[in-house]
Amino acid sequence: MPNRCIKEGDNPDLTKERKTCTFDTDELTANLYGSRNNMERRREITKKISADPDFADPIPHDFLSREKCIEATAKKTKAVVQRGSEFCDVTNYYEMLHLINEAIGIGGYPLALHYGMFLPALEGQAEKELTDDIIPRAKNLEVIGAYAQTEMGHGTNLRELETTATYDKATQEFIINTPTRSAMKWWPGNLGKMSNYAVVTCQLFIDGRKIGPHNFLVQLRCEKTHEPLPGIIVGDIGPKMAFDTNDNGFLALDNIRVPRKNMLMKHAKVSPDGVYTPPMHAKLNYGTMVYVRAHMLYAHGQFLATAAIVATRYSAVRRQGRIEHGVPEVQILDYQTQQHRIFPQIARAYAIIFTYMDIKDQYDAMIKGIAEGQTDLLPDLHAITSGLKSVVTHMAGLGIEQCRMACGGHGYSDASGLPKLYGVQIGGCTYEGENMVMLQQTARYLMKAVASALQGKPLSHSVAYFGKKSSGKSRIGKEGGDIAREHEAMLEALEHAACRLSVEASQMWEKRGRGGETKERAWNGVTVEMNRAARVHTRVFMARSFHRRVTSSPPSIRPVLTDLLSLYLHYECVDMAHHLLEDGFCSGEQIRYLKSRLYEDLTTLRPNAVSLVDSFDQSDRELNSVLGRRDGNVYEALYQWARKSELNYTDVLPAVQKYVMPMMEENRSKL
Ligand SMILES: CCCCCCCC/C=C\C/C=C/C(=O)SCCNC(=O)CCNC(=O)[C@H](O)C(C)(C)COP(=O)(O)OP(=O)(O)OC[C@H]1O[C@@H](n2cnc3c(N)ncnc32)[C@H](O)[C@@H]1OP(=O)(O)O
Ligand SMILES: Cc1cc2nc3c(=O)[nH]c(=O)nc-3n(C[C@H](O)[C@H](O)[C@H](O)COP(=O)(O)OP(=O)(O)OC[C@H]3O[C@@H](n4cnc5c(N)ncnc54)[C@H](O)[C@@H]3O)c2cc1C
């Protein structure tokens, strides 16, 4: 079967892997990106960018200072903006996303938050009077914006943000102020140096009454000189774990006046005479976060895919050790432990991307509903995206780390691309709401679902399975080799576990309440269990999404996807075996059966492993990894990469000349 990656001059082990492919890689790629046309468009963009001198990196960013990286990235950003339409349809979200990944990379760029949050906030929350003015200018990049919500002292607990916006009826303006050091905005991406505007989240005060967090458009810098405006202190928060090319910033505002229309008033409003009208749903002001949580699933699925590509290809190329005496050294991909480390990451990357597709459909339906005055889809979507954001970022982080370690010593080198990838990706556990906090949002929703299920009330989409009657005993291992029924048995077992954990957490919560604790204190005594239930529920949602996509996939790729789904479900069930065993729903024998099936899956997938990762269709530019390169010619490339280290510009380093050589000389002369 064709694997389109095969080319002459490639590492022979990789070519051999590609020849064992049992499916058409292009079919799978097209399925993953929605259509053949989308796949072709991605490839055209890659080809054009790779050949364009404006996007060439004579020195890899690994060897540049942060300032030099930012300069190189800003230059490329300008080229993308000015010449974007030469490469792609700039109005197409996915084409633009691909263009930016190819042209710039993942470490941040001056417009990341402008496009990722500033514009979405204005489009989703501002009303016409404001949008008519600012959105065309923002889209035209006459101005650049950030989303400034988090403060030094508060990020999670939005209710306690300290920045104030006080309405002045006399002038019909808001006065925006940073009252304390801890009230300084801290962390917002692209706020420090790039943006001249920001959407700033403030506590709204009218007539001395605190109303709660609302968003305001504030100009930060002069449009001509880019100098901060009077009363505004703004800068970069300094080096951090990754996102080197993003100027995450700080901001203090000294009683800055903005006109009334600068409040984002699509949902909540303040009239000229200071009358406040609440939004039709209390949390519509938090809509930008729901948007990002939904869309970041795609990015994190792709991050995990990158790591899986690197680890799989490298493991096919690297030969070390023997499985039996007297035979040549084996590809490390033949070790069962290596397969067990890497293959679940391949499956999880597919699962995350497929889940994103479902969530995107739900998100679009929710937005349509809001436009028609209905918010009924919001609570379910908020609950499931809070859980998915948390589970996916954590899963992807663990997966990338496994892939990095699976590359041995070279995985520790920046040449692999994996340390940087991990640094960027793992930020997702924190931003858009710290994971432990967001899981509690899901858990709250589960508690309501438990109550509804007990009362026989209707259940919404993500928790509909709470209404199913459990069979009491799992059917795992009893389906006589019928793979579709085996999949269903595993899904049923996971649903049973999620439902049981939710009910038990609810009972623990109630029990503490009956013991005299307030609801809130009792909640804090059971949050570990609450979050556990939320995680399992979220993993059920992902498993169902994956299952749905596989069973509806074209017949040509369904067999390989079914193998991948088998591995995914067996792995998930073994990973959550304790939840399946705890109440006797599954027996020890059934868990042993799942493990043996998982080991069979590793062997089944082995011939298709490289082709499955090739199907993610990430280019060498996107991978940015010497170990993961498509042609597999790793060792020569590794040496050429190291030669570019600034330590190798001279054979004798100035530091050695200045300190180390004299020290050795002194020691020699002492003898
Ligand atoms: C587009 C592509 C994406 C690319 C990604 C670009 C990468 C760039 C990298 C980084 C960007 C990072 C940006 C940021 O981090 S911006 C800052 C993000 N900050 C947060 O996420 C803060 C997290 N905190 C919160 O969201 C909230 O404070 C809270 C939800 C934790 C708690 O809020 P609170 O007001 O205290 O509410 P309650 O818990 O009491 O809940 C009340 C009620 O409201 C419901 N609810 C809460 N939030 C929402 C929501 N967003 N939508 C709908 N409903 C919501 C909640 O469920 C409760 O419901 P109830 O039980 O029925 O009462
Ligand atoms: C790379 C990056 C980019 C960012 N970009 C932006 C941006 O563009 N705009 C912006 O406004 N912000 C941005 N942020 C800030 C980010 O949104 C916050 O850091 C994040 O929401 C977490 O909030 P926090 O820092 O207040 O964490 P904290 O809430 O202080 O978390 C610290 C610990 O306390 C725990 N904790 C806190 N509350 C609870 C609770 N109720 N129950 C149990 N445990 C709790 C947490 O679980 C965690 O373990 C960014 C952050 C990063 C790292």
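Start at 1 and go down the list; that is how both ligands and their atoms are numbered.
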*Taking heavy atoms and a distance under 4.0 Å, where does Gln149 meet ligand 1: side chain, backbone, both or neither?*
side chain

*Quick one: list whatever passes ring pair (Phe, Tyr, Trp, His ring centres under 6.0 Å) with Phe87, sequence neighbours left out.*
Phe55

*Establish, for the pair Arg42 and Tyr33, whether the NZ or CZ atom is under 6.0 angstrom from the six-membered ring centre and no further than 45 degrees off its axis.*
yes

_Regarding ligand 1, does Thr150 bring an N or O atom to under 3.5 Å of one of the ligand's N or O atoms?_
no

*For the residue pair Asn246 and Lys240, confirm or rule out a side-chain donor-acceptor distance under 3.5 Å.*
no

*asked:* Suppose I only count heavy atoms of Val290 and a 4.0 Å limit; which atoms of ligand 1 are within that range?
replied: 51 (N), 52 (N)

*Tell me which part of Met117 gets within contact of ligand 1: side chain, backbone, both or neither, using heavy atoms under 4.0 Å.*
side chain

*Thr201 versus Asn215, side-chain donor and acceptor atoms under 3.5 Å*: yes

*Would you confirm whether any non-hydrogen atom of the protein falls under 4.0 Å from atom 50 (C) of ligand 1?*
yes

*Near ligand 2, which protein residues have a heavy atom under 4.0 Å away?*
Leu113, Tyr147, Gln149, Thr150, Gly155, Thr156, Trp187, Pro188, Gly189, Phe243, Asn248, Thr430, Tyr431, Glu432, Gly433, Glu434, Met436, Val437, Gln440

*Among pairs that include at least one residue of residues 284-293, which meet side-chain hydrogen bond (donor to acceptor under 3.5 Å, both in side chains), considering only residues two or more places apart or in two chains?*
Gln125-Thr288, His214-Asn285

*Would you call Lys266 and Glu127 a salt bridge, taking side-chain N to carboxylate O under 4.0 Å as the test?*
no

*asked:* Would Arg444 count as being in polar contact with ligand 1, using the rule that some N or O on each side must be under 3.5 angstrom apart?
replied: yes

*Looking at residues at least two apart in the chain, or sitting in another chain, which of them share a ring pair (Phe, Tyr, Trp, His ring centres under 6.0 Å) with His114?*
Phe118

*Should Met438 be counted as touching ligand 1, given the test is an N or O pair under 3.5 Å?*
no

*Can you tell which part of Tyr291 has a heavy atom less than 4.0 Å from ligand 1: side chain, backbone, both or neither?*
side chain

*asked:* Any nitrogen or oxygen of Asn157, side chain or backbone, less than 3.5 Å from one on ligand 1?
replied: no

